[in-house]
Amino acid sequence: MNVTELPTLFAPLPNRISRLYELAYNLWWSWHPEAQALYQAIDPTLWERTGHNPVRFLREVTLAGLEAKSTDPLFLAQYDRVLIEFDLYLSDDQTWFDRAHPERKNQPIAYFSAEFGIHESLPIYSGGLGILSGDHCKEASDLGLPFVGVGFLYPQGYFRQFINSEGTQEALYERLNFAELPAVPARTINGDEVLVSVDLPGRTVHVKVWRFQVGRIPLLLMDTDVAQNAPEDRELSARLYGGDQSLRVAQEIILGIGGVRVLRAMGISPAVWHMNEGHSAFLGLELLRERVGRGESLEHAAAEISKHAVFTTHTPVPAGNDAFPLDLMDRFFSGFWPQLGIDRDTFMNIALQQQSWGATFSMTVLALRLSAYHNGVSELHGAVARQMWQFLWPDRAVDEVPIGHVTNGVHTGTWLAPTMAAMFDAVLGPGWRERLDEPETWTRISAMPDEVLWSVHTGLKHELAKFVRERAWQRQRRLGYHRDDAISGDINPNALLIGFARRFATYKRATLIFRDLPRLKRLLNNPERPMQIIFAGKSHPADEPGKSFIRDVYNMARDPELQGKIFFVEEYDINVGRQLVQSVDVWLNNPRRPLEASGTSGEKASLNGVPNLSVLDGWWREAYNGKNGWAIGREEAYEDLEQQDVDDAESLYSLLETDVIPRFYNRGADALPHEWISVMKEAIRTVAPEFSFRRMLKEYVEKYYVPAMGD
Ligand SMILES: *Cc1c(COP(=O)(O)O)cnc(C)c1O
């Protein structure tokens with residue numbers, strides 16, 4: 001993005017450091033901690049108060065603070081280094097994609113997602129799906145893909161979470177001030193602001209578009225808060241996953257159909273359409289409408305669209321697979337099927353799925369039908385998905401259902417702690433970032449001195465303890481101090497610390513570890529070898545069972561016998577997630593197998609030398625090698641879910657008792673836990689390359705994107 005496009009809302013910056021504006025407007029900073037450190041160095045308190053948001057920071061910072069820095073040689077050296085790196089990044093014309101597929105540079109990949117989790121200051125994500133989309137954009141930029149992201153800029157985003165003194169989750173929706181975001185209005189080729197329209201029952205809804213720059217790639221986020229729209233339509237895109245089914249259909253129409261129109265208005269002609277989860281699958285209907293309108297037969301149009309479409313399904317959990325009642329579809333689409341030249345039944349049949357409660361129009365079915373390339377997100381999930389959707393290929397056996405898999409990974413620059421990264425620089429040698437998806441890059445980890453790795457890890461754990469204490473104070477200030485609703489914020493950095501942070505969806509079984517409370521209390525309160533557990537995570541506001549899990553954990557945290565052993569950090573977001581995966585000792589994940597399609601938080605942890613203690617589901621089933629962490633339970637399919645809980649809890653306790661805890665406390669003469677450190681190193685060595693987003697995205701390129709580009 002050109003500097004002259006930046007909104008002129010700012011006071012002029014001292015010349016010497018004037019490019020801080022430009023830097024703020026490219027989310028490149030979100031995966032370059034050294035860039036964030038520039039703003040932080042100017043005013044650390046303001047940096048915290050502005051939510052680590054450089055644009056907001058620059059609007060609020062005092063000129064005096066900036067002027068002081070503009071003559072500070074240390075700051076200037078840091079500033080110059082970051083900008084050199086930034087310029088090199090943006091001007092690189094020998095990226096991986098340039099070298100691997102030079103003839104494909106003009107074939108854009110349009111990537112549609114309902115949520116994008118790029119940074120905590122842009123709260124338009126709810127969980128793993130959104131984080132994955134954010135990582136996808138960052139890695140697409142790193143690899144130099146011709147790529148554009150399409151989604152929503154929800155003005156109220158996803159909620160901020162507070163837990164009241166009864167332990168009930170409260171959702172606070174705050175209106176984002178777009179002027180404080182690194183966003184500019186998207187423009188058409190003629191330079192006009194993009195404004196597209198979409199028909200909803202009885203009216204036309206107008207959509208405007210904000211453009212974010214993520215390194216080299218644009219991210220286009222739609223917003224219906226436009227003056228021409230009726231008041232209720234201005235609120236259509238207000239919240240992520242808010243409202244009822246009818247609002248959901250309306251949002252998905254805008255995402256899929258509106259999203260196609262946005263790209264058309266901007267003169268972008270995608271060679272590949274990637275639907276990240278079924279939310280955006282209506283895009284296929286819009287592409288059909290375009291082609292049928294040009295005189296193609298429906299069959300021919302559908303075949304052509306499929307050839308260029310990729311669909312990734314992310315979960316076997318029903319709530320993650322949108323399916324709408326047919327009468328709802330009637331309301332929204334009765335004007336649409338005539339445009340395809342078909343009747344109602346033919347239209348509904350495109351995506352019909354019989355559910356226990358009746359016939360539905362399934363977004364997953366629609367996406368599967370209108371894409372030639374489709375995949376699950378781990379090997380096991382691929383198999384589960386083939387089983388689930390086999391009814392669409394009735395003449396094929398389950399293992400011949402054409403749904404493959406690409407196992408999810410994580411974006412290294414985003415999730416790796418800066419101090420750990422500095423150690424990798426020293427141990428792996430310069431250039432490791434260029435080869436981070438190659439296993440050989442990581443073999444040198446074994447040569448890293450134990451005391452160095454341990455001291456970096458311990459440093460991070462102390463930082464986390466400080467952060468948690470600060471959060472506990474904030475909470476007490478908010479609620480007023482009452483003894484019985486105080487949750488301790490005092491982590492003992494010398495005691496074993498288990499971390500658990502993710503969405504509180506019930507299948508993730510956040511409370512499994514509390515099944516046998518006396519047994520757990522013995523472990524937590526062992527004076528020689530104490531253990532602590534820290535939790536964080538949100539439930540969807542309408543998910544009552546999920547919220548009751550939060551209440552259970554909260555009540556444990558304030559149980560007098562567990563004070564200082566169980567912690568719950570409110571306001572789960574990317575910031576909290578990042579601190580936890582980088583800094584605890586063990587990462588716990590105990591979903592009800594096989595419902596965790598991939599999971600990624602454990603990959604982030606392992607990358608930081610925090611070994612995984614997890615059910616053999618999703619990615620961990622592929623990564624676990626007996627030496628890089630621990631496997632809870634067996635690879636077994638259960639009919640009896642109660643029995644599964646009993647068995648998994650038993651396995652979890654016994655692993656803690658017989659291996660995890662003793663290994664952590666078994667110290668050498670130098671007071672270091674060498675056997676533990678060997679697990680940390682093995683976790684890094686095996687997970688960092690294979691479960692990186694780089695490995696994952698290259699796989700998407702070779703398996704799906706390039707073939708879908710066609711000739
Ligand atoms: C990585 C991440 C997730 C995904 O966690 P899982 O354990 O894979 O479910 C969810 N939320 C945030 C904020 C994350 O960073």
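Counting starts at 1 for both ligands and their atoms, in listed order. Since we're looking at a predicted model, the values are computed, not measured.
- Nearest to atom 12 (C) of ligand 1 by heavy atom, out of W415, Y572, W619, is Y572.
- Aromatic pair F514/F535: ring centres closer than 6.0 Å.
- Residues D585 and H457 bring a donor and an acceptor atom of their side chains to less than 3.5 Å of each other.
- For ligand 1, the atoms closer than 4.0 angstrom to any heavy atom of G127 are 10 (C), 11 (N).
- With hydrogens and angles left out, the side-chain atoms of D659 and W630 include a donor and acceptor closer than 3.5 Å.
- Heavy atoms of N589 come nearer than 4.0 angstrom to ligand 1 in no pair at all.
- R471 and E570 are not joined by a salt bridge, as no carboxylate oxygen comes within less than 4.0 angstrom of a charged side-chain nitrogen.
- Which parts of ligand 1 touch G599 is read off a 4.0 Å heavy-atom cut-off, strictly below it: atoms 8 (O).
- Between H279 and Y241, the ring-plane angle classifies as tilted under the 30° and 60° cut-offs.
- Under 4.0 Å from ligand 1, not a single heavy atom of F500 appears.
- Ligand 1 places these atoms under 4.0 Å from at least one heavy atom of I131: 2 (C), 12 (C), 13 (C), 14 (C), 15 (O).
- Under 4.0 angstrom from ligand 1, the non-hydrogen atoms of T600 come from both its backbone and its side chain.
- Here the straight-line distance linking atom CD of Q213 with atom OG of S141 works out to 8.0 Å at 0.5 Å rounding.
- At a 4.0 Å heavy-atom cut-off, ligand 1 does not touch R503 at all.
- For atom 6 (P) of ligand 1, the nearest protein heavy atom (residue, atom name, distance) is S601 OG, 3.5 Å.
- N375 and Y700 share a donor-acceptor pair across their side chains, judged by distance under 3.5 Å alone.
- Contacts with ligand 1 closer than 4.0 Å are made by side-chain heavy atoms of K508 only, the backbone lying farther away.
- Of the N or O atoms in R502, one or more lie within a sub-3.5 Å distance of an N or O in ligand 1.
- Heavy atoms of G577 come nearer than 4.0 angstrom to ligand 1 in no pair at all.
- There is a side-chain donor-acceptor pair under 3.5 Å between E622 and T407.
- Nearest protein heavy-atom neighbour of atom 10 (C) of ligand 1: G128 N, 3.5 Å.
- Residue-environment remark: CD (Q387) stays at or below the threshold of 12 foreign heavy atoms within 6.0 Å.
- Distances between N or O atoms of K604 and those of ligand 1 include at least one value under 3.5 Å.
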